[in-house]
Structure formats: structure tokens, C-alpha cells
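Take a look at the structure below.
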Amino acid sequence: MEKLTFSFKNTKPVQHPVHVGVVASGDLEVIFKPATSKETTLHIVTGSDGFKEVWQNVLTRFFDRYPLLADIEINDFGATPGVVNLRLTQAMEALNDEK
């Protein structure tokens, strides 16, 4: 089990919490909360060690496209980069759906 932390300088504040996904084989959950600082912070717990660079690449691509300012928690159980991007996008869409 590995714990990773990332931060990004983003500009679009999240106004309310959102939770998508589940922690299960090959899946993950994503929780967005309004930011408590001036940058996006991500705390990731993953069952797959040694993938920090892959996480960094997936997250950088996502936040280059969607500069959401939030505190984010991700609990991973072996999800592929495609599933990570899918869950992040679902969380972002859920923010828009609840307006």
C-alpha cells in the first residue's frame, strides 16, 4: 500500500462535496471537497506501489484541462489510468449536475 500526495495550482473552486466510485478490485473512489488552501491537494491511497509517475501524468493531464480547486481524496484498488481519468471526470460532472 502506498500513500501519495500531489498539489496543483488551480483556479476554479469546488463549491460542495462530491463522491463517486467505490473501492473494489480494479476500481477506485474519488471524493472532492471545497479547498482549504489556495491550491488543489490530492491524497491518494493505492494498493499498487511504484506508480507515482503514472499518477502524476494522469493528474497533470486532467488538471490542465479542468483546473478545479479542491481537496481531493482518492482510494485506489488497482485502477488503470483510464479508470482514474473516468472517475475524476465523473466527479467533475457531478459538480455541474448538482448546481
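When a residue number appears, it is its place in the shown sequence, counting from 1.
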Hey, are the side chains of Asp27 and Val23 touching, using non-hydrogen atoms and a 4.5 Å cut-off?
no
Would you find a donor on one side and an acceptor on the other, under 3.5 Å apart, between the side chain of Asn10 and the backbone of Leu68?
yes
Co-membership, hydrophobic cluster, residues Leu86 and Val30, 4.5 Å side-chain
no
Is the shortest heavy-atom distance from the side chain of Phe6 to the side chain of Thr60 under 4.5 Å?
no
Strictly distance-based, threshold 3.5 Å: is any side-chain N or O of Thr40 a donor or acceptor partner for the main-chain N or O of Asp71?
no
In Å, rounded to the nearest 0.5 Å, how long is the span from CD of Glu73 to NE2 of His19?
8.5 Å
With a 4.5 Å limit on heavy-atom distance, are the side chains of Leu88 and Phe32 in contact?
yes
Exercise: identify the closest heavy-atom pair between Lys33 and Ile31:
CE-CG2, 3.9 Å
Which atom pair, heavy atoms only, marks the closest approach of Pro34 to Pro17?
CD-N, 4.0 Å
Linked, directly or transitively: Val83 and Ile44 (ILVMFWY side chains, under 4.5 Å):
yes
Side chains of Glu93 and Thr89: donor-acceptor distance under 3.5 Å anywhere?
no
Taking every non-hydrogen atom, the tightest pair across Ala79 and Leu28:
CB-CD2, 3.4 Å
Closest heavy-atom contact between Gln15 and Pro13?
NE2-O, 3.4 Å
CD/Gln90 to CG/Leu95 distance, rounded to the nearest 0.5 angstrom?
12.0 Å
Please check if Val58 and Phe51 belong to a single hydrophobic cluster, counting links between Ile, Leu, Val, Met, Phe, Trp and Tyr side chain heavy atoms closer than 4.5 Å.
yes
Pairwise distance CD(Gln56) to NZ(Lys52) - rounded to 0.5 angstrom:
8.0 Å
With a 6.0 Å cut-off (strictly less than), is the heavy-atom count around CZ of Phe62, excluding the residue itself, greater than 12?
yes
Gap separating the CZ atom of Phe63 from the CE atom of Met92, nearest 0.5 angstrom:
10.5 Å
Ignoring hydrogens and geometry, is there a side-chain-to-backbone donor-acceptor pair from Glu2 to Gly50 under 3.5 Å?
yes
Grab the two heavy atoms, one from Ser48 and one from Gly78, that are nearest each other, plus how far apart they are.
OG-CA, 3.7 Å
Pairwise distance CZ(Arg87) to CD1(Ile74) - rounded to 0.5 angstrom
11.5 Å
Decide whether Val14 and Leu69 are clustered together by the hydrophobic rule: side chain heavy atoms of Ile, Leu, Val, Met, Phe, Trp, Tyr closer than 4.5 Å, transitively.
no
If only atom types and distance count, is the side chain of Asn75 paired as donor or acceptor with the main-chain N or O of Val45 below 3.5 Å?
no
For the hydrophobic clusters of this structure (ILVMFWY residues joined by side-chain heavy atoms under 4.5 Å, transitively), does one cluster hold both Val84 and Phe8?
yes
Interatomic distance, OG@Ser7 vs CG@Leu42, rounded to 0.5 Å, equals 8.5 Å
